[in-house]
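Positions are given from 1, in the same order as the sequence printed here.
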Amino acid sequence: MIYHITYLSGGLRVKGYLSLPYGYERPAAEIQSEIERFYGENNLAVTELACPLKRAHQDLYAKQWPVLLYCRGGMGKFGRVKSDWLELFSQFGHLVFAPAYRGSEGGEGRDEFGGAEQEDVRSAYRLLQSLSFVDPCRISVMGFSRGAINAAQTATGMPGVHRLILWSGVSDLTQTYEERIDLRRMLKRVIGGTPLKKQASFISRSPLYMAAEITCPVLVIHGTEDAQVDFRHGLQMFERMQQNGPEAHMHT
């Protein structure tokens, strides 16, 4: 079962997705009630997007579930959350929550590519901790491509993140600016200038410079032939994590 969620982030109404393992479901109104109770606000819509042909009857509340908080790649409509990926991830015994990022899919605000929308992920993390069917000690964060920026920011900004997974992730945004000529115009528009003019903004969006603050175990996954985010991003992030102490693994 997959639900489209409205939740609050920094006073904005933003969107996200919640996916349950096959065989588990609850009425959308019931989940909406839990979310509204957490925020103390009404009209935070929850709608069913996909459900099995044969409706399930297993009790979601029979245990507290581990969660994978998935940070999507891309920006706007490009790279938007893929529901088939969420369905696949949730078949491994996890709930999956994926923020759409502010400004996307009817959400308020504007995506800043690792700027203010990092609060969308942190707010989702706090919401998940409050849900009665979630194990608050087993919320892991995974970032894909650009989502690695938001995932690393969450691991450094929220205490208690269980695991951090960086999948084909950007580790140095200045390096991305140099490598991806096709992204330069967007990056200058969103961040406000080039790496030379906005050095601090590019560094604050680069997981490589957050490594010393990450205390949970880290898994780096990166293909050696990745054409979108060069393999060096994953390798240098893994090497930096090895220098800083937390348990780190890399799969290529």
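- Taking R37 as the reference, S33 meet the side chain to side chain donor-acceptor pair (under 3.5 Å) condition, with sequence neighbours excluded.
- In this view, W65 and Y24 satisfy the ring pair (Phe, Tyr, Trp, His ring centres under 6.0 Å) rule, not counting sequence neighbours.
- Applying the side-chain hydrogen bond (donor to acceptor under 3.5 Å, both in side chains) test to pairs two or more places apart or on separate chains, those with a residue in residues 8-18 are T6-K15, S9-R102, S9-D120, R13-E41, Y17-E105.
- Using a distance-only test at 3.5 Å, with no hydrogens or angles considered, a donor-acceptor pair links the side chain of S171 to the main chain of H233.
- Of all heavy-atom pairs spanning A100 and V81, the tightest one is CA-CG2, 4.3 Å.
- Placement of L173 and M241 in two distinct hydrophobic clusters is found when ILVMFWY residues are connected by side-chain heavy-atom separations under 4.5 Å, directly or transitively.
- A pairwise comparison of heavy atoms in P207 and A148 identifies CG-O, 3.7 Å as the closest pair.
- Annotation: the span from F238 atom CZ to T252 atom OG1 amounts to 10.0 Å, rounded to 0.5 Å.
- Put simply, V170 and I165 are part of two different groups of oily side chains (I, L, V, M, F, W, Y) that touch within less than 4.5 Å, one to the next.
- Under the ring pair (Phe, Tyr, Trp, His ring centres under 6.0 Å) criterion, Y39 pairs with no residue, sequence neighbours left out.
- Of all heavy-atom pairs spanning G147 and Y101, the tightest one is CA-OH, 3.8 Å.
- Taking the side chain as every heavy atom from C-beta outward, Y209 and S204 never approach each other to under 4.5 Å.
- For the pair V134 and L95, the minimum side-chain heavy-atom distance is below 4.5 Å.
- Applying the ring pair (Phe, Tyr, Trp, His ring centres under 6.0 Å) test to residues at least two apart or on different chains, the pairs with a partner in residues 75-95 are Y70-F89, W85-F144, W85-W167.
- Within the 4.5 Å cutoff, no side-chain heavy atoms of L166 are placed close to those of L219.
- Cluster membership for L12 and F97, using ILVMFWY side-chain heavy atoms within less than 4.5 angstrom, is shared.
- Defined by atom type and a distance below 3.5 Å, a donor-acceptor pair is missing between the side-chain atoms of Q242 and H249.
- Contact annotation: the side chain of L20 approaches that of L60 to within less than 4.5 Å [non-hydrogen atoms, C-beta and beyond].
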Please output the side-chain donor-acceptor pairs of residues 187-196 that fall under 3.5 Å, not counting sequence neighbours, one pair per line with the distance.
unit_1 : atom_1 : unit_2 : atom_2 : d
T194   : OG1    : L196   : N      : 3.4
T194   : OG1    : K197   : N      : 3.3

request  = Show your working on side chain to side chain contact (heavy atoms under 4.5 Å, CB included) between Y7 and V14 and close with a plain yes or no.
outcome  = CA-CA 6 Å; Y7 67 106; V14 296; 3.5 Å; yes
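- Atom-to-atom distance recorded for E247:CD and T215:OG1 is 12.5 Å, nearest 0.5 angstrom.
- Taking OG1 from T174 and CD from E179, the interatomic distance works out to 10.5 Å, rounded to the nearest 0.5 Å.
- Contact of the C137 side chain with the H162 side chain is not registered, since no non-hydrogen atoms from C-beta on lie closer than 4.5 Å.
- Between the side chain of R72 and the main chain of G79, a donor-acceptor pair closer than 3.5 Å is present.
- In this structure, Q199 places its CD atom where only 12 or fewer heavy-atom neighbours from other residues, nucleotides or ligands lie under 6.0 Å away.
- In this structure, G73 and S145 approach most closely via the heavy-atom pair CA-CB, 4.2 Å.
- At distances below 3.5 Å, at least one donor-acceptor pair connects side-chain atoms of Q118 with backbone N or O atoms of G115.
- Rounding to the nearest 0.5 angstrom, the gap separating the CD atom in E30 from the CD1 atom in I35 is 11.5 Å.
- Considering all non-hydrogen atoms of both residues, G93 and P66 come closest at O-CG, 3.5 Å.
- Of all non-hydrogen atoms in D59 and R26, the two that sit nearest each other are OD1-NH1, 4.5 Å.
- Side chains of E239 and Q243: no donor on one and acceptor on the other come within 3.5 Å.
- In this structure, the side chain to side chain donor-acceptor pair (under 3.5 Å) partners of S90, at least two apart in sequence or on a different chain, are S19.
- Contact of the V96 side chain with the V67 side chain is not registered, since no non-hydrogen atoms from C-beta on lie closer than 4.5 Å.
- The local environment of NZ in K198 is sparse, with at most 12 non-hydrogen atoms from other residues, nucleotides or ligands closer than 6.0 Å.
- By the criterion of side-chain heavy atoms lying less than 4.5 angstrom apart, applied directly or through intervening Ile, Leu, Val, Met, Phe, Trp or Tyr residues, L131 is grouped together with M158 in one hydrophobic cluster.
- Under the ring pair (Phe, Tyr, Trp, His ring centres under 6.0 Å) criterion, the residue pairs touching residues 120-141 are Y61-F133, with sequence neighbours excluded.
- For the 3.5 Å distance criterion, the side chains of Q236 and R240 fail to qualify, holding no donor opposite an acceptor.
- Taking CD of E178 as the start and OG1 of T176 as the end, the distance is 10.0 Å to the nearest 0.5 Å.
- Contact of the S123 side chain with the V121 side chain is not registered, since no non-hydrogen atoms from C-beta on lie closer than 4.5 Å.
- With sequence neighbours left out, the side chain to side chain donor-acceptor pair (under 3.5 Å) criterion links R205 to no other residue.
- Under the 4.5 Å side-chain heavy-atom criterion for Ile, Leu, Val, Met, Phe, Trp and Tyr, I149 and V229 are members of the same hydrophobic cluster.
- Residues meeting the side chain to side chain donor-acceptor pair (under 3.5 Å) test with E117, sequence neighbours left out: R146, N150.
- The side-chain hydrogen bond (donor to acceptor under 3.5 Å, both in side chains) analysis of residues 126-138, with sequence neighbours excluded, yields the pairs E34-S132, E119-R126, D135-R138.
- Residues passing the salt bridge (Lys or Arg N to Asp or Glu O under 4.0 Å) test with D182 are R180, sequence neighbours excluded.
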request  = Dump the intermediate steps for side chain to side chain contact (heavy atoms under 4.5 Å, CB included) on C71 and V141, then the final yes or no.
outcome  = CA-CA 7 Å; C71 301; V141 186; 4.0 Å; yes
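- Counting only N and O atoms by type, the side chains of Q32 and E36 include a donor and acceptor under 3.5 Å apart.
- Taking a cutoff of 4.0 Å between a charged side-chain nitrogen and a carboxylate oxygen, D230 and R232 qualify as a salt bridge.
- The side-chain heavy atoms of F113 and M186, taken from C-beta on, include a pair separated by under 4.5 Å.
- Between L164 atom CG and M210 atom CE the span is 10.5 Å, to the nearest 0.5 Å.
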